Structure formats: C-alpha cells, structure tokens
Amino acid sequence: MAAPNAAEHAPKRRKTRQDSGSVTIGGKTISVAGYLTSARPKQVEANGLKSTLQAPSQEQPSNVTSQPQQSTKKPSFESSGTNNKSRNPRGAKDHPLLKARRELPIWQHQDEIRTVVKRLGTDVIVIVGETGSGKSTQVPQFLYQESWCKRHKVKLPGREEDGYVGGMIAITQPRRVAATTLAHRVSTEAGTPLGKGRPDGLVGYSVRFDHQVPRGARIKFLTEGTLLQELLRDPYLRQYSAVVIDEIHERSLDVDLLAGFLKQILFGDKTQRGGVPLKVIIMSATAEVGVIQEFFGNAAIPGKEKASNVELLRIRGRQFPVTILYEPRPVADLQDALLKKIFKIHVEEPLPGDILAFLNGQEDIESAQRLIEEYATSLASNVPKIIAVPLYGQLSIEAQRVAFLPAKSPLTRKVVLATNIAETSVTVPGVRYVVDCGKAKVKQYRPRLGMESLLAKPISKSSAVQRAGRAGREGPGKCFRLYTEDAFDSLEDSDLPEILRNDVLGAVLTMKARGIQDVLSFPLIDAPEPAAIEMALLHLHFLGALADDGTITPAGEMMARFPLSAPLGAVLLAASGPEFDCVLEVIDAISCLTSGDDIFMHVQSEEAAEEVESYRKDIQRREGDIITYLTTMQMYTAENSDRMEWCKKRKINIRNMKQALNIRRQLRGMCLKEKLLSEMPAPDPQPFTPLSPEKAESVIKCFLRGFAMRTAMLAPDGSFVTVHGKHVVAIHPSSVMHGQKKEAIMFLEHVYTNKNYAKKVSAIQAAWIAEALGR
DNA sequence: GAGCACTGC
C-alpha cells in the first residue's frame, strides 16, 4: 500500500506536464497553462529560520473553522515562542535532513515542548498537530537527551538489589506500518540507521513478528497492542521515562485501555517506579481533545491528589484551505447525486485535479464505477477524459496501486471511488476535489444480542473534516458534501470510540490480567455500559478465564498472553488437554482464521467462480469452514513445488496465507513455552495426510469450548435458530456450509447486514452443544 | 449468494 499517513512529510510537488494551450471542457475553452503548476506552501523567513506556513494565509481551512471550538483550560503557548534559535540535537548536527526538519511546523515549538515536559509530574501534555506538523517524528527527538530521560538506578519495593527505571521513550501507533516507517525515518534523521548488523542505535521499533530494538535504544516505536502486552510483564513501564501516545484521536480500543493504565501509573504508587515520574505525552491530529483533557485533568482515582494540569499545545499543519460546498436541500438519491456531482466537477473544474469520492462500500463503488465508465464513453474526443478507479480494502494490492498512480494519459481526470480507507489509512496523491456522501459502514457490537451489525451510518463532523482535508494536501481544494449544512450541524462531533462499538470481552480480560480487580471502576475515557461489562465477565467465567469470585484463573492469565481473542484462547487450551490432544491442528485452523481478512478471495464472474470451485475441491471439507481452513494450511505447508501457483489456482490470498504462517510459527512457539506443546513439530514441508473424521470431530469439539454460545439448530422450516436468543440466522454465502442443512451448526461470527448471517460455520451434533455447555 | 477500516510479547 502506498504512502501511509503516518510518514508525515511535506506536500510533494506533483509532476505536471508543461503542455501549453487550452482545452475545451463542456463547451467552454479554458487555458490550461495556469493550472499545470501546482501551488506550494510559501516559504517565509521567521526569526532567522525558514519555516513553512500555510498558503496563502495562516487562515484555517474553512472546513476547520466551521468546527465547534473545544474550550481549552490553558491557552496555547504558541505565542510564547520568541526564542527560536536553532538548536541542533546531537546526531542531527550537520545532517542533511536537518534542513527538512527545521521546516516542520513543530520545530518552532521544541523549546516549549522541552520546558513543559520537564515539569510534568502527574500532569500531562496534549499536543494537537495536524497532519504534516512533524509531531510523530520530532517530539521523541526533542526529548530523549533531556536529563529526566536518563536511566535511573533506584530502590524498588520488595527488592534487595537496586533496580533501573527509565531511559527510553515509547511512542505508540495504531498500526504496524506507521510504527515501522516512523522508526526508520527517525533513525535516518538521527543518523543511526536501523537494521541488522547495527547493534547500537538510538531508535528501535517493536511490532508483532518484528522487533528491532538496538541495545541502548532511547526511542522505541511500538503498536498500542505491543505496549499493552509489555504492560503484562512490566506493569509500571519501568523501562520508560516517557510514553508518547500518538494518534489518540483514532480512539482504538487499545489506546483507550492504555490511557487508563497510564492514568493509574500517574496517580498510583510512586515507589513502584522508585520515585521516577513517568512523563505522559498525548498527541492528536484533531482538535476534539476536550474528553482527553478532562480524563487526565480530573484525577478520579479515589484518595489521590488534587486535579492535575493538562497542558495543551496546538501546532498548525501543512494544509491548504479547502472550500466546503453543501447541497441546498437533502438529496433523495445519494448515488445519483454523487454521479451528477462528479460529472459537474469534471466539466467545471480545472485540471489537474483528481476527484476522491467517499462511498459506503464495495457495492456502491462498483455500480458508480460502471456508470462513470458509461459516461466517459459519451464524452466528445476533444474534452478531457475521465477514468474511475475503485479503492477499498478487499481489493488486491495491485488493484489498489492503480488508485495511487496518476492517470496514464494527459488531460485525463481520475476519479477515485473509495471507502473509509482513504480517510485515514492511505493518502491518494493528486486530489483537489473531494465528494463526501456523508455515510460510512460501521461495525457495531450489540452486547445483549451477542452479535455484530455492519450498517451504513452518518459519519461524524470530525470524519467529515478529515475527508474534506484530503482535498487540501497539494493545493487549495474543494469539498462537495452531498448533504445540507444543517445535516452537517446535526452530526455527532466525533465517531463512537471503538470501546463503545466492540465486544469488551478482550478488554475486560486485559484489565483482569493486569491486576484490575474492579473493572467497573477502571478509569476509561468513555466507559462502556455496565451491562456490557457484566456480559463480558460472565462470558469470561464461562470460558474458564475467571473463577467464581471473579479473580483471574491461571487459564485466564495464559489466554491473555496469547495474541488471540479470549474464545480462541479457550479453544487452544482445550486442544492441549488429553481429551482432545489436537493443538497443532487447532493452531493451523486458528492461523488461517485470524490472518486478517479471509484467505479465500471472492471471485466476481460466474465462470471464474466455477473454475476456482473445481480447484478448491481438494481443500473443502463437508465438516465446515474450520476443517477447510485446517486442510488448507496442511496442504499449503505440504506443497513443495510452487506455493504461489498453488494459491493462485485456488484464489487464495497469498499475503494473508503468509501472515497465517507467521501466526502459526508464533503460536507454535508460544505453546511450546506455555507447555501446551511438549516438543517442536517437524519442520515443513510434511507430507499431507487428510485429517481423519475422528480428529476433525475433536477439533470441532475444541472450538465448541469457546463458541458453545454461537450455535444454532435446524428448525422444521429449514432455517437455523440460535440456541441463545432464538434468532433466525442464515449461513453466509462465503461458507462452505452455505445451502446445506445439518441438524446443528456452530459459527465463529455473527453479523447482521442485509440479514442475520452466521459466518465461519461448522456442522455439529446437537448433543455436543449440551456437552460443551454442561461442563 | 455477499464483505467499513485496523490490530496482538
């Protein structure tokens, strides 16, 4: 995937052709000469330093000014930055990248950041910096040489010998790519490149399957999940002097948990860190930090000190102004309005300037693409052409790449039809016009029903602002909202954080495993409904992770150490018992089940589908999807000649299959360490022997230990009715069980879209359910 | 007969 957002860089000058002359667009003749050089932020001399200011003025883009301003307790100390003498941190001196660093908006603020962070005790600093401000790469570099960031030799409670606290700065990212690319960028800037053969370096990173932390590293980028895992071993984060939480505005479940644990460390027992304070720096790309300030500002931990301070620093970004245009009245047909808008932009707006349209999902994208292509053929030969390119997560990498390439022929306007993927995950270059349909599909968990829904819902203001911002990356842009200004005003300020949209089962286990007895009083920025937490506690008890008194069991502790959901952890533990004895088989199945999206790709056309089905015959098993995944892994690893070709024939996603192999290796290693396996299995490739029906039954029965609540019985009318809740469910078409009638089924996922769907389905016997439930 | 986006010592 191209250009992850996290690698903040200056807007790039787009290569443009200097063809002079004019073109005819929609009957109007327009000189193109003036449009073929893209604008760039002005370089301004400020206090002897070159800094890049927003062009053409310092004014906020209109999409930002329309936002409700969050009240801030502390004034921004942006104005206090009078002394902007160039400071050269050691290592950056004379480095060619220093010039680029000096031009980042945040460079001006380094003294203030150092000053504020130095005096942080139980206080927290929140840095709001728009995309391009340079916060993710620069803040750790500003801080690591401060005296408080040294490793301290201290007395720790309950220990005879001295311990060590501090020395490193952790900086978290929601995504692996962000953590690794930022680490590479910062290590290059610092002059100590990462990589093998370089044991000593300043910068490291730690993400799943990939840990590159040089000895003596002072700055460590990690994913939020990795830091949460570290918290299991090191509950007081003793290796760190500071933790920088980046991209908190995304409000991932993990970041919300981290915020809670950080707050506990800040206000908890200081002796556990030998009196060395932990500096907490929170960074957000959006201005809606009121809840964050409130969370850290009111120390709600009972019996603790007075409310602490939250310093707020705002850094401007490098964003061109974006003009927002609304519909005068609500549109009746979104898809129709979208197409008309795209055609209107194409006819009226200058080139170059590609269009990025945000749609609900794949279905809408495909139909819009067809209609734009029809329109394109109707255009006269002397007007600029238009091409439509889809962009969504399920597309292959090659297909996604097309969306990032400029149109092949000159005077062609590219329309990228994207899902939310283009809102945060990737940046499409060349975009000057955004069309925003105002909706997005959101997955939401219903704790009472124990099921998820995936439905199109109105986006938030924050999301709308983010979408609009995509038009202002390379020059002044326009954003066409396919809704009224009143509709915008009625949108929620920000999206529901994940912790309120997800099953909190894993979150509750995480807390329990990290010593939180009373999870209902754990500090959270947004607390889920108590009922949702209670459901999770009951579910964990059923899985054997919690004892009757609510304390965590050894099994629960082990489940929390595995990079698996709690139910899958329970499955793995069941598999290691003498009753089933099928750990390796269960690992193979789990590896495929958890490697991102489905390893089986969907085939569009009917003929292609038939061909793929014929190739898939050898891996598909009538026991259902679990045994099919297991067989796939066994055949894949037995394949000795050409695995690539083997996958291609069966339309198996190679990237996900490789990921599955990584997971398999990790799980095998962990099972060995946790003594769920007595010896390391023989290396691949091993000859393939089809799984016996008895073994298949054992594997499925293990899964029932984790998923007994996700079962359904065949009703007389041929439908399936869930054992819990008595809902009618249909077997999803992606399942090998689709269209089959068995006396009972077990499913690993339960999603409501057009219908109530059961996914990842296996055939079971009714008696097995009672057996699994009645233990 | 169908899938917003991420992610884990």
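None of the values given here were measured: they were computed from a predicted structure. Lettering of chains follows the sequences in order, A, B, ..., and the numbering in each one begins at 1.
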Pick base, sugar-phosphate or nothing for A:Thr594, based on heavy-atom distances below 4.0 Å to the nucleic acid. nothing

Rounded to whole angstrom units, what separation is found between the CG atom of A:Leu455 and the P atom of B:dA5? 15 Å

So what does A:Gln666 touch, heavy atoms closer than 4.0 Å: a base, only the sugar-phosphate, or nothing? sugar-phosphate

Presence of A:Arg208 side-chain N/O under 4.0 Å of B:dT7 phosphate oxygens OP1/OP2: no

Is the distance from OP1 or OP2 of B:dT7 to the nearest side-chain N or O of A:Ser252 less than 4.0 Å? no

If you only use heavy atoms from C-beta on, which nucleotide in B:dA5, B:dC4, B:dA2 is closest to the side chain of A:Tyr757? B:dA2

I want to verify a distance call: between B:dC9, B:dA5, B:dT7, whose nearest atom is closest to the A:Ile421 side chain? B:dA5

Does B:dG8 have its OP1 or OP2 closer than 4.0 Å to a side-chain nitrogen or oxygen of A:Asn662? no

With a 4.0 Å cutoff (strictly under), does any side-chain N or O of A:Thr419 reach OP1 or OP2 of B:dA5? yes

Nearest whole angstrom, please: distance from the P of B:dG8 to the CG of A:Asp210. 10 Å

Over all strands shown, is A:Leu564 touching base, sugar-phosphate only, or nothing at heavy-atom distances under 4.0 angstrom? base

Heavy atoms only, 4.0 Å cut-off, all strands: where does A:Asn754 land among base, sugar-phosphate and nothing? sugar-phosphate

State which residues pass side-chain hydrogen bond (donor to acceptor under 3.5 Å, both in side chains) with A:Ser463; sequence neighbours excluded, sorted by chain then number. A:Glu423

Please state how far atom CG in A:Asp256 lies from atom P in B:dC6, giving the value in whole angstrom units. 19 Å

Could you state the atom-to-atom distance from CG of A:Leu257 to P of B:dC6 in whole Å? 21 Å

Report the nucleotide, chosen from B:dC9, B:dG1, B:dA5, that has the shortest atom-to-atom distance to any side-chain atom of A:Tyr392. B:dA5

I want to check one thing: is the phosphate of B:dG8, taken as OP1 and OP2, less than 4.0 Å away from some side-chain N or O of A:Arg176? yes

Rounded distance (Å) that lies between atom P of B:dA5 and atom CG of A:Asn420: 8 Å

Distance test, side-chain N/O of A:Gln362 to OP1/OP2 of B:dA2, below 4.0 Å: no

